[in-house]
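Counting starts at 1 for both ligands and their atoms, in listed order. All residue numbers refer to positions in the sequence shown, counting from 1.
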Amino acid sequence: MSRFLRKAFETLDVYVPGEQPRDKKYIKLNTNESPFPPSREVLDAVAAEAASLQLYSDPECTALRQTAAEQFGLQPENIFCGNGSDEVLNFAFMAFCDESKGMAFPAISYGFYPVFGDLYGLDCTAVPLCGNFTIDPADYFGLNKNIVIANPNAPTGLLLGIEQIRAILDNNRSNLVIIDEAYIDFGGKSCLPLIAEYDNLLVVQTFSKSRSLAGARLGFGFAQPEIIADLNRVKYSTNPYNINRETLAAGEAALRSQSYYDANCRTIMDNRDYTTEALRALGFEVLPSKANFIFARHSAIGGNELYLSLKEKGILVRHFSRPEISDFVRITIGTLAQMQTLVDAVRLILSQGGN
Ligand code: PMP
């Protein structure tokens with residue numbers, strides 16, 4: 001830390017991304033990436049765009065927003081493009097929260113929410129989950145804070161229904177409600193249609209999971225035009241060319257390859273069913289996930305121990321040390337072959353008494 005750092009940042013608890021180890025080749029089931037490559041159309045579009053990299057990218061992301069508008073039945077004015085959905089979330093915290101209006105979010109959820117809260121010095125409320133790790137919408141009534149909820153939630157994978165989200169929106173007409181749909185394409189129902197009805201709703205989606213573009217960094221914010229205009233105020237005050245040319249081309253081509261990505265999502269859901277059943281047969285409690293990961297624990301082995309034993313066998317999963325969930329591991333759903341290897345490794349670890 002240099003002596004120049006601003007005081008408020010000295011105590012920041014920064015976000016710690018999942019490991020991206022370079023020491024050997026792992027079966028990587030720790031950061032919820034897709035096991036499938038981008039579509040052929042995406043690869044071709046990126047290759048073609050490289051020849052224009054001497055030029056700045058389109059700050060308005062015109063073609064991508066137009067294509068997305070057609071696909072989602074919206075207007076381009078309803079759409080904001082971010083450098084990953086992390087940037088959309090960051091801009092939303094920056095634009096809509098201050099000392100008089102903090103943010104509320106589930107106490108167990110995406111680890112970046114409290115980090116943004118800290119970064120902007122906000123008064124945040126971490127709302128406890130229910131005993132079975134679900135979210136009770138009524139816990140979000142009357143807080144007088146903006147709200148961000150991942151749906152499905154991470155790392156639990158549990159999904160709220162549209163009516164539950166509607167209840168949160170109805171009871172927060174003076175607060176912005178952000179629904180982070182990073183994992184919505186794996187069996188959930190998007191609340192995107194609600195943006196026509198609610199001027200307090202911002203829906204955030206990403207290309208990192210269902211659309212195999214984690215490395216390209218692309219996310220969407222969907223809302224009524226006034227909210228989108230506010231996000232643009234922040235963007236044009238920080239980084240107008242926030243999406244590079246290759247990513248813009250990749251995003252547009254990805255939207256045009258919907259059937260390829262739909263098929264991948266169906267495969268991942270099938271592989272999720274297989275893994276859930278196989279782990280339950282081995283005695284695991286597996287929460288009923290609607291995401292491209294599962295959250296599982298076993299009474300005979302701790303979460304950290306299982307994470308370490310799997311790592312030794314060349315399989316990376318994610319473990320969180322917070323006491324409420326330290327029994328669990330979060331396992332990204334990969335190909336069927338990867339999941340079979342995982343299940344075999346887990347079976348072996350259990351038969352060896354947890355080592
Ligand atoms: N929201 C949730 C709930 C996530 O798990 C992630 C992935 N880490 C993100 C947002 C951010 O994804 P990205 O920035 O890659 O779009």
Geometric cation-pi criterion R211 and F207, 6.0 Å radius, 45° cone: yes
More than 12 heavy atoms from other groups under 6.0 Å of CZ on F9: yes
Protein residue, atom and distance nearest to atom 1 (N) of ligand 1, heavy-atom basis: D180 OD2, 2.6 Å
S85, portion touching ligand 1 at heavy-atom distance under 4.0 Å: both
OH on Y26 to CD1 on I315, rounded to 0.5 Å: 11.5 Å
Nearest non-hydrogen protein atom, atom 5 (O) of ligand 1: Y183 OH, 2.6 Å
Closest protein heavy atom (residue, atom, distance) for atom 7 (C) of ligand 1: K209 NZ, 3.2 Å
Shortest protein contact, atom 14 (O) of ligand 1 (heavy atom only): R217 NH2, 2.7 Å
Heavy-atom neighbours of K24 NZ exceed 12 at 6.0 Å: yes
Over-ring placement of R280 relative to F284, 6.0 Å and 45° cut-offs: no
Parallel, tilted or perpendicular, as decided by the 30° and 60° cut-offs, for the rings of F116 and Y120: parallel
Side chain, backbone, both or neither: D86 near ligand 1, heavy atoms under 4.0 Å: both
Nitrogen or oxygen atoms of Y15 and ligand 1 under 3.5 Å apart: no
For atom 6 (C) of ligand 1, closest protein heavy-atom neighbour: Y110 CZ, 3.5 Å
Residue portion contacting ligand 1 (non-hydrogen atoms closer than 4.0 Å) for E87: neither
